[in-house]
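The basis for the numbers below is simple: all heavy atoms, side chains too, and nothing from hydrogens, waters or symmetry mates. Labels below follow one simple rule: chain letters A, B, ... track the order of the sequence lines, proteins then strands, and each chain is numbered from 1. The model shown is predicted, which means the values in this text are computed figures rather than measured ones.
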Amino acid sequence: MSKKLQNLSEALQAILASQIQTIVLDCNEITIEVAPENLISVAMALRDHDDLAFEQLIDLCGVDYSNYGKTEWATGAASTTGFSRGIDPADTGRLRFGDELASENNEIPRFASVIHLISYRHNHRLRLRTFAKDNQFPVVPSVIEVWNSANWYEREAFDLFGIVYENHPDLRRILTDYGFVGHPFRKDFPLIGNVQMRYDPEQQRVIYEPVDIEPRVLVPRVIRHDNRYLHAQNEQNKEGATDA
Amino acid sequence: MPEIHNYTLNFGPQHPAAHGVLRLVLEMDGEVIQRADPHIGLLHRATEKLAESKPYNQSIGYMDRLDYVSMMCNEHGYVMAIENLLGIEVPQRAQYIRVMFDEITRILNHLMWIGTHGLDVGAMTIFLYAFREREDLMDMYEAVSGARMHATYYRPGGVNRDLPAMMPKYKESKWHSKKEVNSLNQNREGSLLDFIEDFTNRFPTCVDEYETLLTDNRIWKQRTVDIGIVSPERAKQLGFTGPMLRGSGIEWDLRRKQPYETYSKLDFDIPVGTNGDCYDRYLVRVEEMRQSNRIIKQCIEWLKNNQGPVILEDHKFAPPRREEMKADMEALIHHFKLFTEGFCLPVGESYAAVEHPKGEFGVYLISDGANKPYRLKVRAPGFAHLSSMHEMTVGHMLSDVVAVIGTQDIVFGEIDR
């Protein structure tokens, strides 16, 4: 762990103190999590404090955590027709029109808005994550007043994940088609989409209809607990413990 | 006399100066822009969602198709994110090969940019000049990967294969006589490195030719000087990176400030503009081509004198060689597992950024320990640049919109993803 990152993480803790929920140092990158109600004040401090000076918002994106850590390859049960392996759809590629992904659990926050910041003055990077409180109607404050470049990124996250950015002046869809229904990057949105479009010669116009292609996944989603990674993680934890 | 109101002009998506599929809705007062609203997404292919449904190795090819004029740099960002999570170090020779091809790609991209930017603004000749050199660069791509554009050459842990010892040659046909073919093949007699070296010796003269055509050209200057001025403060606020940021006078280059691969050992300069207008950005990019040429030369020298592996020997993510598989049971198993299931990454997240010809190309990867990315976000430089379209064009004339589109170096593959 480099000295520079250590300094930054100490500075963050000193300046933002209780507003940070968690702070994680991994892969030479710092991630902090803040609650949506604190986001604007944290963002202002990150931009304006001399020791932080994160002048630019490099990236902002939505993340849907509803499927996190789910595997298709673990065998839960065996029946007369075979193993349970590869049957439970944990992959959006297997979904069909109208399929519902596993039950909605409102306890665990599902949507997050992740911001990547850069400081030209100190040559630092930082990741800032905010979980939206409500899974049905995720709302996160817009940081467009703090960093203007957030404008299109927030529109994109709204379009693809349905995260609503409060106080955004122009929250329209950006990447999907005019009149598109749904938020395509959510984990419960099928990879093949919901509708297809074709020209109908009888009606002499372009029509939309439910997709008729078969969903297909060539490689199932597998999680292997690789001993080397576990080992490396333990080493890191030990190192972290001695550093602290 | 009837009163004249503002009117709305629909620019694109089928406009030759719209660089692909940009639809600009312009609100105009006479010929002066009042509001510019780019509508994007006409080339949206959901690359990120596709990548989430495929093992890591199978998405490298998708990265080529993001910014389809700087293919290998996109791959570089993606494999670097994977390498960060795996915590692996790429062999030196592979690092030099990557740096060399990144710079070849930079020239490839800037040639495309200078050609089309010139064409948009009304300079025809530059386009033909630029595409003459692009041909050689594409041949380098082809020699190393077999594909002229979508190379899929970088791999987690290195590159697909070592540089070939032979350049493919032109063959005699009823259209090309033996004499013609011989002169065409003159610089193809040696290895790929010899061919690239020959190119780097020729290229500075070519850049001089472009400059003769444009730098002091009265019309070119009328169309670019003082057009689309962005102050350094605004450039930061608007999320500019790469030449767009440097054109505004901020000395920032990831190759120097946050060096990856072997950039810290190489000697090159970072050109910076002063006014932040289209002309300065033009000068910055032209100088970048010269600097890239310099970097390529240094890489060639190193690569000629040093041999070594080009990909890590760890078969958990790099496939074993064919010959090994014929005799070694374990190699065969590794091969089978890699191509049916792929490899799993440790749990975590990483953001890897490279200095792409257009700016900062970042790949944000979240892994939950599976063989597929949990979330992949591509940070395309052009997306942030295009979002400033309104601010850069407001108050300018309609013809300046075209110059601004040119200077932003827009490619829709990366903006729409």
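Interface residue A:Ile118: only side-chain heavy atoms are found under 4.5 Å from chain B. Heavy atoms of B:Pro38 lying under 4.5 Å from chain A belong to its backbone as well as its side chain. Heavy atoms of B:Leu386 lying under 4.5 Å from chain A belong to its backbone as well as its side chain. Only the side chain of B:Leu254 has a heavy atom closer than 4.5 Å to any heavy atom of chain A. B:Phe383 touches chain A through backbone and side chain together, each having a heavy atom under 4.5 Å away. In this structure, the portion of B:Thr340 lying under 4.5 Å from any heavy atom of chain A is its backbone and not its side chain. Proximity to chain A (any heavy atom under 4.5 Å) is restricted, for B:Lys377, to the side chain, taken from C-beta onward. Proximity to chain B (any heavy atom under 4.5 Å) is shown, for A:Val24, by neither the backbone nor the side chain. For A:Glu29, the part lying under 4.5 angstrom from a heavy atom of chain B is the side chain only. Of the atoms belonging to B:Ser367, it is backbone heavy atoms, and not side-chain ones, that fall under 4.5 Å from chain A. Only the backbone of B:Ala380 comes within less than 4.5 Å of a heavy atom in chain A; its side chain stays farther off.
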Would you please test A:Ile58 and B:Thr241 for side-chain contact (heavy atoms from CB on, under 4.5 Å) and show each step? CA-CA 9 Å; A:Ile58 276 286; B:Thr241 46; 3.9 Å; yes

Please evaluate residues B:Phe343 and A:Arg224 with respect to the criterion side-chain contact (heavy atoms from CB on, under 4.5 Å), reporting the C-alpha separation (whole Å), side-chain torsions for both, the decisive distance (0.1 Å), and the verdict. CA-CA 9 Å; B:Phe343 51 85; A:Arg224 302 253 178 234; over 6 Å; no

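Taking A:Arg125 as the reference, B:Glu360 meet the salt bridge (Lys or Arg N to Asp or Glu O under 4.0 Å) condition, with sequence neighbours excluded. In this structure B:Ser248 satisfies the side-chain contact (heavy atoms from CB on, under 4.5 Å) test together with B:Val230, B:Ala235, sequence neighbours excluded. The side-chain contact (heavy atoms from CB on, under 4.5 Å) test applied to B:Thr393 returns B:Ile33, B:Ala36, B:Met389, B:Val401, B:Val404, not counting sequence neighbours.
Side chains of B:Arg234 and A:Asn148: a donor on one and an acceptor on the other come within 3.5 Å. A:Ser149 and B:Gln237 share no side-chain donor-acceptor pair at under 3.5 Å.
Of all heavy-atom pairs spanning A:Arg127 and B:Tyr351, the tightest one is NH2-N, 3.4 Å. A pairwise comparison of heavy atoms in A:Ser119 and B:Trp252 identifies O-CH2, 4.3 Å as the closest pair.
No more than 12 heavy atoms of other residues, nucleotides or ligands lie within 6.0 Å of CZ in B:Phe336, so this atom counts as exposed by the packing criterion. Residue-environment remark: CZ (A:Arg198) exceeds the threshold of 12 foreign heavy atoms within 6.0 Å. For B:Glu330, the CD atom is loosely surrounded, since the number of other residues' heavy atoms within 6.0 Å does not exceed 12. For A:Gln21, the CD atom sits in a packed shell: over 12 heavy atoms of surrounding residues, nucleotides or ligands are nearer than 6.0 Å.
Salt-bridge annotation for B:Glu349 and A:Arg129: present, with a side-chain N of the basic residue lying under 4.0 Å from a carboxylate O of the acidic one.
Proximity of A:Leu60 to B:Arg379: side-chain heavy atoms (C-beta onward) are nowhere separated by under 4.5 Å. Contact check for A:Asn151 versus B:Ser387: no side-chain heavy atoms found under the 4.5 Å cut-off. Residues B:Arg375 and A:Phe185 have side chains in contact (heavy-atom distance under 4.5 Å, counting atoms from C-beta outward). B:Glu52 has its side chain out of reach of A:Arg221: every pair of non-hydrogen atoms, C-beta onward, lies at least 4.5 Å apart.
Contacts from residues 172-182 of chain A to chain B, taken as heavy-atom pairs separated by less than 4.5 Å, involve A:Arg172, A:Ile174, A:Leu175, A:Tyr178 in sequence order.
Between chain A and the residues B:Lys236, B:Lys49, B:His44, the most heavy-atom pairs under 4.5 angstrom are made by B:Lys49. In terms of non-hydrogen atom pairs under 4.5 Å with chain A, the most contact-rich of B:Gln58, B:Glu341, B:Lys257, B:Glu233 is B:Glu341.
A perpendicular orientation is assigned to the rings of B:Tyr374 and A:Tyr68, their planes being inclined by more than 60° (bins at 30° and 60°).
Atom OH of A:Tyr65 sits about 10.0 Å away from atom CG of B:Asp368, to the nearest 0.5 Å. A distance of 6.5 Å separates SG in A:Cys61 from CD1 in B:Ile366, rounded to the nearest 0.5 Å.
Using a distance-only test at 3.5 Å, with no hydrogens or angles considered, no donor-acceptor pair links the side chain of B:Lys372 to the main chain of A:Val222.
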